[in-house]
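Residues: numbered from 1 along the sequence shown.
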Amino acid sequence: MTKTSSHTPIHVIGGGLAGSEAAWQIAETGIPVILHEMRGVRGTDAHKTDSLAELVCSNSFRSDDATSNAVGVLHAEMRLAGSLIMRSADANQVPAGGALAVDRDGFSAAVTAALESHPLITVTREEVTGLPPEAWDQAIIATGPLTAPSLAAAIQARTGADSLAFFDAIAPIVHTASIDMDICWFQSRYDKVGPGGTGKDYINCPMDEAQYNAFVDALIAGDTTGFKEWEGTPYFDGCLPIEVMAERGRETLRHGPMKPMGLTNAHNPTVKAYAVVQLRQDNALGTLYNMVGFQTKLKYGAQAEIFRLIPGLENAEFARLGGLHRNTYINSPTLLDRSLTLKGRPGLRFAGQITGCEGYVESASIGLLAGRFAAAERLGQTPSLPPETTAFGALLNHITGGHIVSDDEPGKRSFQPMNVNFGLFPPLEPGAVVRPEGLKRFRGKDKAVAKKQATAARALEDCARWLGR
Ligand SMILES: Cc1cc2nc3c(=O)[nH]c(=O)nc-3n(C[C@H](O)[C@H](O)[C@H](O)COP(=O)(O)OP(=O)(O)OC[C@H]3O[C@@H](n4cnc5c(N)ncnc54)[C@H](O)[C@@H]3O)c2cc1C
């Protein structure tokens, strides 16, 4: 080993987006890193090369607008924190309007070269087949959505069968502020209060018979994405895509997730809805609601179009659309502490998509945090957590605790992977959004944009302070 440092190395398992960034952050503090990457010895079903930080699909890091887009804010925060992933992306940018897209080969080559030539980083090409040995007192597992089976089995054996998921079955998530409450109303079925509810825990969207039939027709006609050959078809009862339920019979949805029983339309109490779509609170802040039972394989464009047919959701803004795909991830809010350490196993952290974030940038950012936290501990310091008002903090908060456990479905996992979005940020302080001079009416789109801008500005200011910039 190279190593001109008196510190014991930190082990990082997985040289993807998260592991590469984690290794870089650790080495930049003067601590040696051993980065274990299996490609070169064993491939995955999606990666095509042996390069570190390979982009398995799109070449886009999404919006680079740090003034009013949440992922743009995350880009900016990562740049402030000296991110290798962002440096390599910026150096390999290709034209893509407001998005940051990269030459994928140039990008991965830049990350690989930076890591391989760093005097404190050793890259070993090997599969880690079990949990890191205790001798690796500081380690980060960043093996991603396609974690090799033997390590996945070891994680499952340690954390419990329900703690590791192999597929996302994701229902769309809507920004609460975009739901029309002149049409919808709050009510739990049969007004059940439950152990932790109020009797008004769901937002209900009513449909008459004609609206229901048109909706079922649209679902059946909607364009869907197929499963990749290696994914199989992971349908199991209780998790059927909404369009598959619609195909099984016109009445299926009305007797399933869209049943109208036990609900009275607060705006029109004498008329019984023919069917009801329910949305359930998705984050502790109450800024996001998910569409109950609406996991789907419909293409994104079709989803937005079809779900806006639902009364009350005509102008819905989606924090994320639904999906069903292969993804290995742990139940982080239960398993990890705030600094991403596995409870009961000091020094062992998780990072990247396996923690329940989604996307290249989000995965890299959680790698960045895990790397900094591990380095701080190696130096005998307490890891400094980013403020919740930053994109780093909002995402970390979602992963380690911001989700809602559903009381009405005991045993069901409610934690789902998520991209960064403004719904994860704490609300602004009263008076933080000021009406621009000369503007008579200040609501709707203008106000929404101003709120995003104020949230973004607060995030960057707080992030700079956190980093001591
Ligand atoms: C098919 C597919 C398409 C996707 N498309 C997109 C997209 O278009 N845009 C987007 O933003 N996100 C996309 N994602 C999500 C994407 O995977 C993540 O955003 C990102 O790559 C996750 O980063 P990560 O570092 O957590 O995992 P990865 O980047 O997958 O890195 C994990 C690394 O760990 C290695 N590894 C696994 N097991 C072991 C082991 N036991 N020992 C040693 N090494 C191991 C793997 O070889 C890999 O290099 C896609 C995911 C999949 C599966």
Side-chain angles (χ1 to χ4, degrees), residues 17 44-46 55-58 60-62 70-71 144-147 164-175 218-247 253 256-257 277-280 282-283 288-310 313 316-332 352-363 366 395 398-399 403-404 406 412-421 423-424:
L17 275 297
T44 79
D45 288 316
L55 304 178
V56 285
C57 188
S58 148
S60 174
F61 281 30
R62 318 202 309 280
V71 77
L146 306 174
T147 295
L164 189 74
F166 292 96
F167 277 89
D168 277 341
I170 294 170
I173 294 174
V174 180
H175 286 278
L219 284 175
I220 294 171
D223 235 1
T224 54
T225 47
F227 285 100
K228 299 256 171 30
E229 203 180 297
W230 45 268
E231 288 184 303
T233 306
Y235 293 157
F236 51 94
D237 275 353
C239 193
L240 282 179
I242 189 93
E243 64 280 6
V244 172
M245 277 189 262
E247 272 166 15
L253 285 172
V277 174
Q278 287 203 301
L279 293 100
R280 183 174 50 226
D282 197 78
N283 64 343
L288 301 173
Y289 271 70
N290 70 66
M291 299 176 66
V292 180
F294 270 56
Q295 56 277 352
T296 177
K297 284 294 278 179
L298 286 167
K299 287 191 172 158
Y300 282 176
Q303 286 188 43
E305 200 175 302
I306 295 170
F307 296 151
R308 286 190 183 122
L309 295 175
I310 297 168
L313 301 189
E317 275 184 45
F318 294 94
R320 75 163 296 161
L321 286 157
L324 198 61
H325 55 82
R326 170 80 196 276
N327 187 12
T328 310
Y329 66 98
I330 58 171
N331 194 8
S332 295
Q353 186 142 326
I354 197 169
T355 63
C357 58
E358 172 92 20
Y360 302 143
V361 185
E362 287 84 345
S363 298
I366 295 302
L395 199 53
H398 165 68
I399 289 169
H403 79 307
I404 293 284
S406 67
K412 266 208 164 181
R413 295 165 53 104
S414 59
F415 175 62
Q416 289 289 352
M418 174 101 77
N419 287 119
V420 69
N421 66 78
L424 299 179

Donor-acceptor under 3.5 Å ([X] side chain, [Y] main chain):
X	Y	result
Gln295	Leu240	yes
Thr328	Phe166	no
Arg320	Asn421	no
Thr224	Lys297	no
Glu243	Thr296	no

So [Y] and [X], do their side chains get closer than 4.5 Å, heavy atoms only?
X	Y	answer
Tyr329	Glu358	no
Leu253	Leu219	yes
Met418	Leu288	yes
Asn327	Gln353	yes
Tyr300	Thr225	no
Glu362	Val71	yes

Nearest heavy atoms of [X] and [Y], plus distance in Å:
X	Y	answer
Asn283	Gly423	ND2-O, 2.9 Å
Cys357	Gly352	SG-O, 3.4 Å
Ala46	Leu146	CB-CD1, 3.4 Å
Tyr360	Val56	OH-N, 3.6 Å
Gln416	Ile170	OE1-CG1, 3.5 Å
Pro257	Ile242	CG-CD1, 4.3 Å

For the [atom1] atom of [X] and the [atom2] atom of [Y], what is their distance to the nearest 0.5 Å?
X	Y	atom1	atom2	result
His175	Phe318	NE2	CZ	10.0 Å
Ile366	Ile354	CD1	CD1	13.5 Å
Phe167	Arg326	CZ	CZ	6.5 Å

Ring geometry between Phe415 and His398 (parallel below 30°, tilted from 30 to 60°, perpendicular above 60°):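 Tilted, since the angle between the ring planes falls between 30° and 60°.
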What side-chain donor-acceptor pairs closer than 3.5 Å can you find for residues 301-308, not counting sequence neighbours?
| from | atom 1 | to | atom 2 | distance (Å) |
| --- | --- | --- | --- | --- |
| Gln303 | OE1 | Gly322 | N | 2.7 |
| Gln303 | NE2 | Leu298 | O | 2.9 |
| Gln303 | NE2 | Gly322 | O | 3.0 |
| Arg308 | NE | Ala316 | O | 3.0 |
| Arg308 | NH2 | Ala316 | O | 2.9 |

Set of salt bridge (Lys or Arg N to Asp or Glu O under 4.0 Å) partners for Asp223, sequence neighbours left out: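 Applying salt bridge (Lys or Arg N to Asp or Glu O under 4.0 Å) to Asp223 gives Lys299.
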